[in-house]
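A short write-up of the structure that comes next.
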Amino acid sequence: MHGLALRRVGRNVWILSGNPLNTSGYQVSVAPMMDWTDRHCRYFHRLLSLRARLYTEMVTSAALVRGRQLRLLEHSQQEHPLALQLGGSDPHELAQAARFGAEAGYDEINLNVGCPSDRVQSGRFGACLMYEPALVADCVKAMRDAVGIPVTVKCRIGVDDQDDYADLQHFTGLMLEAGVEVLVVHARKAWLKGLSPKENREVPPLDYERVYRLKREFPALVVVINGGITTVAQVQAHLAQLDGVMLGRAAYHDPYLLAQVEHALHGEPLPTRESVLQHLRPYVEAELARGTALKHISRHLLGLYQGEPGARGFRRILSEGAHLPGAGWALIERALAPRPLAA
C-alpha cells in the first residue's frame with residue numbers, strides 16, 4: 001500500500017522505486033518475546049528509549065479472528081512506534097487480524113516466520129513456514145491488501161537441514177516480490193525437532209555474515225539483524241553493515257542497555273535508573289487503580305540494576321513482595337531505599 005514497484009537489476013539484486021519507508025525507524029528495536037514483551041514491559045522500555053521500535057508478543061490470527069480476543073491488542077499511546085506480531089498461515093485470516101491491528105492503531109504488522117516451538121509448528125506457522133515461502137508470500141500480499149501500514153516478516157536464516165544460502169536468498173526474493181520492505185532476520189537456524197525453543201535461541205551457531213550478504217544482494221530491502229547482540233559496541237558494528245538491530249533477551253535482562261544505545265547513537269542524555277522508575281510511577285499507580293496486580297509490572301523491572309551495586313537486593317525485595325496482597329508503589333520505593341548504602 002506504499003506505491004512501490006520492484007525491479008530486478010541483476011541476478012540477485014532488486015531495487016524499489018517509489019516512496020520507501022523511513023529506514024531510521026528500524027535502526028533499533030526490541031524483539032517480540034512470548035511472556036515478556038507485554039504492554040507493561042513495553043511501557044517501561046519506552047521510558048528507557050524514545051526511538052526504539054517495540055513489538056508485541058506474538059498474537060495468533062486465530063485468537064483475534066476466531067476467538068475474538070481483541071483484548072490482546074490493548075496498548076497505550078506512549079508505546080509507539082509499536083508493531084503487532086502475528087502468527088498464522090491462512091492468508092484470509094491473517095488479513096482480517098491485520099485489519100484489527102491497524103484499526104487498533106498499530107504502526108506495523110509483523111509476521112512470525114521464526115518461532116520453532118512445537119505448539120507453533122502444530123498450528124503451521126512460525127519457523128516451519130520457511131519451508132513454504134510461496135505461502136508466506138501469499139500471506140504477506142493478503143495483509144498488504146488489507147491494511148495501509150507496513151507489513152514485515154521476521155524469519156531465521158534457515159531451518160533443519162535447509163542450510164544453503166540459496167534457500168534464504170529464494171525466500172527473500174519472494175518476500176520482496178510480495179511487497180515486504182523490512183525483513184528481520186534472526187541469524188541462527190531453527191531446529192524444528194530435537195531442540196527446545198530455549199535451545200534454539202542458544203545452540204545453533206550465529207551467522208552474521210549470511211545476513212550481511214543478504215543486505216548486499218538485496219540493497220532495496222531494509223534488513224534488521226537479531227540474535228546474540230548484547231552490547232552497544234555490537235549494535236554499532238552491525239549498523240555499519242545493516243539498516244537495523246533488534247535486541248532480544250539482552251534488552252529484557254538488562255533494560256538499561258536501551259538507554260545506553262540511545263545515548264550512543266543519538267546523544268540523548270542518559271537518565272538515571274531512579275528517574276526512569278519515578279517516570280513509571282504514574283503508570284504503576286493508574287494500573288493498580290484499575291485492578292492490575294503489581295507483580296505483573298514489577299517482574300519487568302528486575303533487571304534494571306543489572307551489574308550495579310545493590311542489584312540483588314533490589315530484585316529480592318520486588319520478587320518477594322510484589323505478589324503479596326496490597327503490594328503497591330511503596331514496595332518499589334523500599335527496593336530503592338537500600339541502594340545508596342550499597343553503592
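In this chain, residues are counted from 1 in sequence order. Predicted model, so just to flag it, every value in this text is computed and none were measured.
- A salt bridge between Arg290 and Glu74 is present, with a side-chain N of the basic residue lying under 4.0 Å from a carboxylate O of the acidic one.
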Verify side-chain contact (heavy atoms from CB on, under 4.5 Å) between Leu111 and Met143, making sure each step is shown before the conclusion.
CA-CA 10 Å; Leu111 180 62; Met143 289 188 286; 4.1 Å; yes
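- Between the side chain of Asn110 and the backbone N or O of Leu84, no donor-acceptor pair lies under 3.5 Å.
- For the pair Ala250 and Leu257, the tightest heavy-atom approach, listed with the atom from each and the gap, is CB-CD2, 3.9 Å.
- For the pair Met58 and Phe125, the minimum side-chain heavy-atom distance is below 4.5 Å.
- Side-chain contact check for Pro32 versus Glu57: every heavy-atom pair is 4.5 Å or farther apart.
- Between the side chains of Gln27 and His266, at least one donor N or O sits under 3.5 Å from an acceptor N or O.
- Taking His80 as the reference, His75 meet the ring pair (Phe, Tyr, Trp, His ring centres under 6.0 Å) condition, with sequence neighbours excluded.
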N/O donor-acceptor pairs under 3.5 Å from side chains in residues 313-329, not counting sequence neighbours:
{"unit_1": "Ser319", "atom_1": "OG", "unit_2": "Arg315", "atom_2": "O", "d": "2.8"}
{"unit_1": "His323", "atom_1": "ND1", "unit_2": "Glu320", "atom_2": "O", "d": "3.3"}
{"unit_1": "Trp329", "atom_1": "NE1", "unit_2": "Glu333", "atom_2": "OE2", "d": "2.8"}

One pair to check against side-chain contact (heavy atoms from CB on, under 4.5 Å): Glu268 and Leu50. What are the steps and the verdict?
CA-CA 9 Å; Glu268 292 289 346; Leu50 295 173; 4.2 Å; yes
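- Salt-bridge annotation for Glu79 and Arg42: present, with a side-chain N of the basic residue lying under 4.0 Å from a carboxylate O of the acidic one.
- At a threshold of 4.5 Å between non-hydrogen side-chain atoms, the residues Thr37 and Tyr55 do not count as touching.
- Annotation: cation-pi pair Arg210/Tyr165 absent, no NZ/CZ under 6.0 Å from the ring centroid and within 45° of its normal.
- Put simply, the side chain of Arg156 gets close to the backbone of Lys189: a donor and an acceptor are under 3.5 Å apart.
- No side-chain donor-acceptor contact under 3.5 Å links Gln306 and Asp254.
- A heavy-atom distance below 4.5 Å is found between the side chains of Leu192 and Tyr131.
- Judged by distance alone, with hydrogens and angles left aside, the side-chain atoms of Arg188 form a donor-acceptor pair with the main-chain N or O of Pro204 at under 3.5 Å.
- Inter-residue side-chain proximity for Lys215 and Leu221 is flagged as unmet; no heavy-atom pair is nearer than 4.5 Å.
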Pair Lys141, Glu177 - check salt bridge (Lys or Arg N to Asp or Glu O under 4.0 Å), show working.
CA-CA 9 Å; Lys141 289 174 187 173; Glu177 290 172 2; over 6 Å; no
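- No more than 12 heavy atoms of other residues, nucleotides or ligands sit less than 6.0 Å from atom NE2 of His92.
- Around atom CZ of Arg281, more than 12 heavy atoms belonging to other residues, nucleotides or ligands sit under 6.0 Å away.
- Looking at Glu93, its side chain never comes within 3.5 Å of a backbone N or O of Gly88 through a donor-acceptor pair.
- Looking at heavy atoms from C-beta onward, Leu265 lies in side-chain contact with Val261 at the 4.5 angstrom threshold.
- Ion pairing between Glu217 and Arg213 holds under the 4.0 Å rule for side-chain N and carboxylate O.
- Counting heavy atoms from C-beta outward, Pro150 and Ile109 have side chains that stay 4.5 Å or more apart.
- The distance from atom CG of Asp167 to atom OG1 of Thr172, rounded to the nearest 0.5 Å, is 10.5 Å.
- Tyr43 and Glu287 form no side-chain donor-acceptor contact under 3.5 Å, judged by distance and modelled atom types alone.
- In this structure, a donor-acceptor pair under 3.5 Å is present between the side chains of Asn112 and Gln85.
- The two residues Tyr208 and Ala187 have their closest heavy-atom pair at CD2-CB, 3.8 Å.
- Side chain to side chain, His300 and Asp38 meet the donor-acceptor criterion of an N or O pair below 3.5 Å.
- Salt-bridge check for Arg144 with Glu181: passed, with a basic side-chain N closer than 4.0 Å to an acidic carboxylate O.
- No donor-acceptor pair closer than 3.5 Å links the side chain of Arg273 to the backbone N or O of Val276.
- Of the N and O atoms on the side chains of Glu108 and Thr152, at least one donor lies less than 3.5 Å from an acceptor on the other residue.
- Taking the centre of each ring, Trp36 and His45 stay at or above the 6.0 Å mark.
- Using a 4.5 Å heavy-atom threshold, the side chains of Tyr106 and Leu73 count as touching.
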